**Q** 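The structure follows.
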Amino acid sequence: MARALVAKHHQVIGLTRSREKERVLRQAGATAVIADALNAEDLAQAVRSSSPDCVIDLLTAIPKNGPTRTSHMKATNELRIRGTANLVRAAVAAGAKRIVGESMIFAYGFGDHGKAAKTEDDALQPREGNTGLQKMVDATRSLENQLLEADKSGLIEAIPLRYGLFYGAESASTVFMLRMLKKRLLPTVSGAKGINSWIHLDDAVSATIAAMERGQPGEIYSIVDDHPVSFNDWFSYAATEMHAKQPLSIPLWLLRLFVPYVAVCFSTRLRVSNRKAKSDLNWRPQFPSYLEGVSHVIAECERKEGIMLLRKRERARRPTTK
């Protein structure tokens, strides 16, 4: 996101909690400020010192390899509730004109949503059958509601974006999945009838910038590609593209026994429409389906891995001194 905004000649100030991410932001051409989004006073000072025209809220604390339990989303839930509240107040106090916030398609809820693609006008599922899932959904809806209320009150122009499932060469969880598939350690799940809407990271970036520049305040946009797909088909296609053996298969009941949250994701049927984003934002995904997207990701990962391996070989040939 930072690189893309800089390439479009925006002045970018990136907020982070860590020195490591500070270095990453600077390498992307952004200025970095360090503050904790859960510390309202420090955050307000950091945002005020930046004097932003627009704030893009991408606050999460998701584990590097992706969540496998609802408890792994606890910190992100807090960021979506308290962090969003702090950030909205800070943005308004700093005089920002617009805020764009990262929601996700699970705002609709988990489970079977039928065959029709969900639109932004569809009602949200009332309750989840699991407390951990309910907390995730409540936190996501809290983020959306806080942004929409700020917009309705005239405090700031606000646009929530419901992203699909992220994947990309710079996604640690995607790289982890590909490595596990290569080793045949990531199974498909027999009996899992789920299907979900996905989005390549590059397309998520371009849609976010389009929302920042052209989105209608007070509107929600779903940022997904054109073709929903199951985890099983995604895994099988990725293995084929890597010339790896097809994944082993395990039964759904076994997955439910050991990692129930992952079983819910495999079983959730949630098709989401991107028609509104295409129409209002004049946006089209560069990777309209996982077929193009996964192939691109694998090529990028192989290129990067090849460079890394080359460097290792060069280090191995380098003479040592005593």
Side-chain angles (χ1 to χ4, degrees), residues 1-18 21-22 24-26 28-62 75-104 107 139-163 166 201 204-223 277 280-281 283:
M1 183 70 73
R3 283 198 305 271
L5 287 166
V6 169
K8 288 177 72 68
H9 308 293
H10 292 290
Q11 182 183 358
V12 183
I13 300 96
L15 176 75
T16 179
R17 288 184 300 167
S18 70
K21 290 291 180 66
E22 180 184 28
V24 172
L25 284 166
R26 286 177 175 169
T31 302
V33 293
I34 296 181
D36 187 341
L38 297 179
N39 185 318
E41 185 177 341
D42 285 354
L43 180 65
Q45 183 177 349
V47 176
R48 186 169 57 250
S49 68
S50 302
S51 300
D53 296 306
C54 177
V55 172
I56 299 178
D57 174 8
L58 306 176
L59 293 170
T60 59
I62 298 172
T76 296
N77 292 343
E78 189 173 15
L79 284 170
R80 285 176 173 157
I81 298 170
R82 287 181 52 213
T84 298
N86 291 341
L87 189 57
V88 169
R89 283 195 297 268
V92 171
K97 298 179 180 67
R98 173 168 292 203
I99 182 168
V100 178
E102 177 185 338
S103 181
M104 65 178 305
T140 304
R141 293 176 183 174
S142 172
L143 179 149
E144 292 186 2
N145 291 336
Q146 290 185 67
L147 294 182
L148 295 176
E149 183 58 35
D151 184 273
K152 185 178 179 181
S153 300
L155 298 174
I156 190 170
E157 296 179 353
I159 302 174
L161 301 180
R162 287 180 185 158
Y163 296 99
F166 288 130
L201 284 179
V205 167
S206 65
T208 305
I209 295 175
M212 181 190 77
E213 294 177 342
R214 300 184 294 277
Q216 291 296 315
E219 295 291 335
I220 297 173
Y221 295 101
S222 294
I223 308 303
D280 287 12
L281 305 180
W283 167 80

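In this chain, residues are counted from 1 in sequence order. Remember, predicted model here, so these are calculated numbers, not experimental data.
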**Q** Main chain of N77, side chain of R82: is a donor-acceptor contact present, judged purely on distance under 3.5 Å?
**A** no
**Q** Quick one: does any side-chain atom of R48 pair with a main-chain N or O of G95 as donor and acceptor, under 3.5 Å?
**A** no
**Q** Out of curiosity, L79 CG to I62 CD1, how far, rounded to the nearest 0.5 Å?
**A** 10.0 Å
**Q** With side chains defined as the heavy atoms from C-beta onward, is the minimum distance between I220 and L148 less than 4.5 Å?
**A** yes
**Q** Of all residues at least two apart in sequence or in a different chain, which pass the side chain to side chain donor-acceptor pair (under 3.5 Å) check with D57?
**A** none
**Q** Return the set of residues passing side chain to side chain donor-acceptor pair (under 3.5 Å) with K97 (not counting sequence neighbours), or none when no residue passes.
**A** D53
**Q** Find out whether Q216 and I159 are in side-chain contact, i.e. whether some heavy atom of one side chain is under 4.5 Å from a heavy atom of the other.
**A** no
**Q** Test your reading of the model: is there a side-chain donor-acceptor pair from D151 to the backbone of L147, 3.5 Å cut-off?
**A** no
**Q** Side-chain polar contacts of residues 1-15 - donor-acceptor pairs under 3.5 angstrom, sequence neighbours left out - could you list them?
**A**
from	atom 1	to	atom 2	distance (Å)
R3	NH2	E170	OE1	3.2
R3	NH2	E170	OE2	2.5
H10	NE2	E213	OE2	3.3

**Q** Holding to side chain to side chain donor-acceptor pair (under 3.5 Å), I want the full list of residues that pass it with E144, two or more places apart in sequence or in another chain.
**A** S103, R162
**Q** For residues I56 and M212, determine if any side-chain heavy atom of one lies less than 4.5 Å from a side-chain heavy atom of the other.
**A** yes
**Q** Looking at S18, is its backbone amide N or carbonyl O close enough to the side chain of T16 to form a donor-acceptor pair, meaning the two atoms are under 3.5 Å apart?
**A** yes
**Q** Just jot down the side-chain contact (heavy atoms from CB on, under 4.5 Å) partners of E41, sequence neighbours excluded, or say none.
**A** N39
**Q** Could I get the full list of side-chain contact (heavy atoms from CB on, under 4.5 Å) partners for K152, not counting sequence neighbours?
**A** E149
**Q** Side chains of T208 and Y163: donor-acceptor distance under 3.5 Å anywhere?
**A** yes
**Q** Tell me, please, which residues at least two apart from R17 pass salt bridge (charged side-chain N to carboxylate O under 4.0 Å, His left out).
**A** none
**Q** Can you list everything that forms a salt bridge (charged side-chain N to carboxylate O under 4.0 Å, His left out) with R26? Sequence neighbours excluded, please.
**A** E22
**Q** Is there side-chain contact between D36 and D42, with at least one heavy-atom pair below 4.5 Å?
**A** no
**Q** Verify, without hydrogens or angle tests, whether S49 (side chain) and A46 (backbone) share a donor-acceptor contact under 3.5 angstrom.
**A** yes
**Q** Rounded to the nearest 0.5 Å, what's the gap from CD1 on I156 to CD1 on I99? Could you check?
**A** 5.5 Å
**Q** Residues in side-chain contact (heavy atoms from CB on, under 4.5 Å) with P52, at least two apart?
**A** V47, S50, V55, A94, A96
**Q** Does a sphere of radius 6.0 Å around CD in E157 hold more than 12 heavy atoms from other residues, nucleotides or ligands, not counting ones at 6.0 Å or beyond?
**A** yes
**Q** So, taking the atom named CG in D280 and the one named OH in Y221, what distance separates them when rounded to the nearest 0.5 Å?
**A** 4.0 Å
**Q** Sequence neighbours excluded, which residues qualify as side chain to side chain donor-acceptor pair (under 3.5 Å) partners of R214?
**A** none
**Q** Quick one: are L87 and L43 in side-chain contact, heavy atoms under 4.5 Å?
**A** yes
**Q** Are the side chains of R89 and N86 in contact, using a 4.5 Å heavy-atom criterion?
**A** yes
**Q** Minimum heavy-atom separation for A37 and L59, please, with both atom names.
**A** CB-CD1, 3.7 Å
**Q** For I81, give me all partners under side-chain contact (heavy atoms from CB on, under 4.5 Å), at least two apart in sequence or on another chain.
**A** A139, S142
**Q** R80: which residues meet the salt bridge (charged side-chain N to carboxylate O under 4.0 Å, His left out) condition with it, sequence neighbours left out?
**A** none
